[in-house]
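In listed order, ligands and their atoms are each counted from 1. Just so you know, these numbers come straight off a predicted model, no measurement behind them.
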Amino acid sequence: MDPRGFPTSLPEFQRVFPDDSACAKYLEKLRWPEEFMCGKCGVFGEPYRFANRAGVLRCRACKADNSLTAGTVMQGTHQPLSIWFWAAYLVATQTPGQSAMQFQRQLGLSRYETAYQILHKLRAGMVRPERDTIGGEHPVEVNETLVGGRTRGEGRGVHHKIYVLGAIEVRTRKDGEDRSANGSRDDHRDGKPLKRPTYAGRLRLQVASDRKAPTCQEFVRENVTRGTLVRTDGWQGYDGLTAGGWPHHGLALNADPKLTDAHLPMIHLIFSNLKTWLQGTHHGTSQQHLQAYLNEYTFRFNRRFYPMTAFNSVLGLAVRTVPPTYEALYSGRWEHPGGQAKSPQIEMPFA
Ligand SMILES: [Zn+2]
C-alpha cells in the first residue's frame, strides 16, 4: 500500500475493492465524509441500503433514492461499480496505457463497445479544463516533433505526419535531498549510482498544424508562464520569444546527441517514449484522436507520483467532467479538450 493509502498493485487493489459494495462505500465516503445527507430533503441519518443496488442510498425520511454515481462518469451506467473501479485503476496507473481491445480482455467484458465506451469516458477525465501554465521558477524545454498518422484514403504504407509540440519543466532537486538511486546511472558518487540532479516536472503536449513561428509562439504563450526561461533548439520558430517576455535560450543542436542530452534531455525522452507508446498501444494514430492520446499521456505523466488523484479524476470524483456520448465519439462530433479544431476525415483507430 502506498503511504497515501492507495493500492499500488492490482491484487492489492482487488483486496481493497473486492465487490460493488466496497466501491459504493468509497463513493459514499467521498461525498459524505461525516454522515449521509439526503440530497432531496436535507435530512441527515443512516439511509436504507440494498444488497443488489450498491449505488443507491434511500433516505429514511422522504424515501428518495440518492445515486452515488450522479455527477460522475459512471452516472446512468449498467455496468457494475467494480468494473468501473478496475477500469479506472488500469487507466490511471498503467504506464503503457490501454487499447480498447486489451481493456475488454482484462476486464472480461463480452462486448467490445462496452470496453470502448468505458475507456473513453474515463479518458475524458484526463484533462483538467482549467489548466495552469507551467514553468515559473523552473526552466522549460520546448520542442516539436512529427508523429506518424493514418488518414483515410491515403492507403497502406503512406503516412500523414502530424506535428506535436511539447513543453516540460526542468526541476532541480533540493539541496540535501537523498540522491541515491538503485539503477545504473551515469552519475556516481563514491562508487554508488546517483539520481540526476534534475527531474521532470509538469508536461504539456499539443497537436499542431505546422511549426511556423506563430504556432510555436502561441503554444508557449498558452502553456508556459511568462518570464520562464525557455530552452529550445535552433529552430527559428522560437526566435521572438525573448521579445514576448520569455527569456529564450535557443541552441543549434545539429542532431548531435551529446549537445541534445545537455540542452534538451527531457523533452527528447518524452517524445521518444510517447512514440513508442502510440505505436505499441494504438498501432499508430489518427489525427482526430491524437490530442486525446496526448492528453492521456500527459495526464498519467503529470500524476505519476499521485495515483489516487489520477484514479479519482478519471472517475469524475475529483472534478465534474462531461463525458462524451457513444454516438458523439463514433460520429466524430466530440472535440477532445485541449486540442485543435481542424482535422481532416480520419478513420477510426480502434476498429
Ligand atoms: Zn430525504
Side-chain angles (χ1 to χ4, degrees), residues 1-2 4-7 12-93 103 107-111 113-130 299 303 306-329 334 337:
M1 191 78 80
D2 180 272
R4 291 164 293 251
F6 194 77
E12 208 172 78
F13 187 83
Q14 287 171 325
R15 273 201 299 281
V16 177
F17 297 112
D19 51 33
D20 291 346
S21 86
C23 300
K25 277 207 188 83
Y26 181 79
L27 295 177
E28 183 180 343
K29 202 81 190 151
L30 276 185
R31 181 152 301 183
W32 299 285
E34 305 291 332
E35 191 182 17
F36 169 77
M37 186 196 83
C38 175
K40 185 156 186 227
C41 71
V43 164
F44 286 89
E46 180 59 20
Y48 294 111
R49 294 161 200 278
F50 308 97
N52 56 346
R53 290 172 73 203
V56 169
L57 301 179
R58 181 169 294 170
C59 172
R60 284 182 194 263
C62 76
K63 306 288 188 278
D65 283 346
N66 288 252
S67 165
L68 286 169
T69 57
T72 75
V73 298
M74 297 169 282
Q75 183 170 347
T77 185
H78 297 297
Q79 294 298 318
L81 292 180
S82 54
I83 288 284
W84 279 99
F85 272 53
W86 291 9
Y89 180 79
L90 292 175
V91 162
T93 62
F103 207 61
L107 294 174
L109 296 168
S110 54
R111 295 183 65 233
E113 286 74 16
T114 308
Y116 178 88
Q117 202 171 4
I118 289 179
L119 191 55
H120 276 262
K121 283 189 172 176
L122 294 174
R123 280 184 177 143
M126 286 193 163
V127 67
R128 291 184 301 144
E130 73 312 354
F299 174 90
R303 286 161 191 76
Y306 314 99
M308 196 169 209
T309 308
F311 177 79
N312 286 339
S313 295
V314 296
L315 282 176
L317 303 174
V319 287
R320 291 185 176 222
T321 54
V322 183
T325 64
Y326 192 44
E327 292 71 27
L329 276 172
W334 170 255

task = Give a yes or no on whether a salt bridge exists between K29 and E34, defined as a side-chain N under 4.0 angstrom from a carboxylate O.
result = no
query = So, D65 and K40, do they make that salt bridge, N to O below 4.0 Å?
reply = no
key: Distance below 2.8 Å from the Zn ion (ligand 1): protein N/O/S atoms   = C38 SG, C41 SG, C59 SG, C62 SG
task = Indicate yes or no: at least one non-hydrogen side-chain atom of L57 is less than 4.5 angstrom from one of W32.
result = yes
key: E46 backbone acceptor or donor facing R60 side chain under 3.5 Å   = yes
query = Is a side-chain donor or acceptor of D20 paired with a backbone partner of P80 at a separation under 3.5 angstrom?
reply = no
message = Ring of F50, cation from R53 - is the NZ or CZ under 6.0 Å from the centre and inside 45° of the axis?
response = yes
